[in-house]
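Working notes, beginning with the structure itself.
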Amino acid sequence: MVLAHPELVPTADLDRDAMNRLQRVVAETAIVADEGVPATIDARVTVAGVDQAFSDEAVVSAAVALRAGEPIDRTVVRRPIVLPYIPGYLSFREAPASVDAVTGLSDRPDLLVVDGNGLLHPRGAGIATHVGVILDIPTVGVAKSLLCGRLDGPEPPYETGTRVPIVATDDMALPSGSTIGYAVQTRQWDTPDRHINPVYVSPGHRVSPETAVDHVLATVAGRKLPEPIRLADRAAGEAARSGLHR
DNA sequence: GCGACAG
DNA sequence: ATCTTGTCGC
């Protein structure tokens, strides 16, 4: 698997201005529309998930590819930790390992689900966007908490299947009021006393905000997170704990 | 200066 | 992300 934009891979030697400039280029290169993404997730479509776990000295990234809901391929890579976590700059810490993990898959996935945001980012260049542009693969971002933006609709709790727009605020480098993602209730208890939080879905590359939600709902398999991400999360976590993989 | 802040 | 047991509810 080749990199469409190797020059956009994050490096650890950049200062804040250089990081912002790189994210600006990534955002400009990203296609926020359905161009290349499968219209529906059927049995002929390969969907992959990628996620990272950390040990004291390394970032472990795992990518798992599924077809018809069943895992058909997986890769795990270890890379040294080069940066601390900085809100808004997650890709500089995790994208290099993510790209290596996805590149290790036998076949290029038709869609990649990333743990983190895409367009739903201060500069429209979250890790889902960054990884998607580098590989030129359709990507969607799924985050478990809200990084920025404002909910344009009712507050939780929601019923399963509910999608509420997240719009850009005026402090972001995106058109204020534009839809940058959705709060999506992928699963919910049927009891009035306890609830499950929604996930925050946004387009990464070559996907529209609406299709990003459709595809996440098509891959959740009754759980809170899409199955590709769950499996990648589990694979990375297991590898990070047991040092049996060097 | 204060509060917010993906993983 | 990670450190960690029990506990509430289906």
Side-chain angles (χ1 to χ4, degrees), chain A residues 10 12 16 19-20 23 26-27 30 49-63 76-99 101 112-132 139-151 157 160 166 168-174 180-184 186-205 209 212 216 222-226 229-230 232-243:
Chain A
R16 192 62 64 99
M19 292 165 85
N20 287 330
Q23 291 189 327
V26 167
V50 63
D51 188 34
Q52 288 67 245
F54 295 79
S55 61
D56 289 324
E57 75 284 0
V59 48
V60 177
S61 182
V76 177
V77 302
R78 292 176 66 86
R79 295 290 181 265
I81 295 175
V82 295
L83 285 177
Y85 163 63
I86 304 170
Y89 302 91
L90 179 67
S91 61
F92 290 84
R93 175 176 166 86
E94 304 187 1
S98 304
V99 169
L112 179 64
V113 187
V114 180
D115 192 47
N117 296 301
L119 221 210
L120 182 24
H121 178 276
R123 292 164 292 286
I127 188 169
T129 308
H130 211 138
V131 171
T139 55
V140 303
V142 179
K144 295 177 287 297
S145 61
L146 192 60
L147 169 65
C148 60
R150 174 176 61 71
L151 197 58
T160 301
I166 302 296
T169 46
D170 54 26
D171 58 332
M172 296 170 62
L174 294 169
I180 55 178
Y182 286 88
V184 180
T186 51
R187 180 184 185 181
Q188 188 57 279
W189 303 122
D190 43 310
T191 50
D193 50 305
R194 216 175 123 103
H195 311 109
I196 292 177
N197 294 140
V199 292
Y200 299 89
V201 178
S202 63
H205 181 49
V216 163
R223 310 298 292 260
K224 173 172 178 172
L225 295 174
I229 286 188
R230 289 189 67 235
D233 177 84
R234 182 170 74 63
E238 292 175 349
R241 270 176 296 183
S242 64

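Heavy atoms only: backbone and side chains are in, while hydrogens, waters and symmetry mates are out. Naming convention: chains lettered A, B, ... in sequence-line order (proteins, then strands); numbering from 1 in each chain.
- Where A:Asp193 and A:Asp233 meet DNA chain C, the nucleotide closest to each residue was compared, and A:Asp233 sits on the side nearer the 5' end.
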**OP:** Heavy atoms under 4.0 Å is the rule here; annotate nucleotides 2-7 of chain B 5' to 3' with B where the base is hit, S where only the sugar-phosphate is, and - elsewhere.
**Re:** ---BBB
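- Side-chain atoms of A:Glu94 and A:Arg79, non-hydrogen and from C-beta on, never get closer than 4.5 Å to each other.
- Panel note: side chain A:Ser202, backbone A:Gly118; a donor-acceptor pair is recorded below 3.5 Å.
- Taking a cutoff of 4.0 Å between a charged side-chain nitrogen and a carboxylate oxygen, A:Asp51 and A:Arg234 do not qualify as a salt bridge.
- Helical stems of DNA chain B (runs of at least 3 Watson-Crick or G-U pairs, donor-acceptor distances under 3.5 Å) are absent.
- With hydrogens and angles disregarded, a donor-acceptor distance shorter than 3.5 Å links the side chain of A:Gln188 to the backbone of A:Ile196.
- Under the 3.5 Å distance criterion, the side-chain polar atoms of A:Asn20 are matched with a main-chain donor or acceptor of A:Arg16.
- Note that CG of A:Leu83 is 8.0 Å distant from CZ of A:Arg93, once rounded to the nearest 0.5 Å.
- A:His121 NE2 to A:Leu147 CG: the interatomic distance, rounded to the nearest 0.5 Å, is 6.5 Å.
- A nucleotide of DNA chain C counts as in contact with chain A when one of its atoms lies under 4.0 Å from a heavy atom; the first and last such, 5' to 3', are C:dA1 to C:dC10.
- Using a distance-only test at 3.5 Å, with no hydrogens or angles considered, a donor-acceptor pair links the side chain of A:Arg123 to the main chain of A:Gly88.
- Between A:Ser55 and A:Ala240, the closest heavy-atom pair is CB-O, 3.7 Å.
- Between A:His130 and A:Ser91, the shortest heavy-atom contact is ND1-OG, 3.2 Å.
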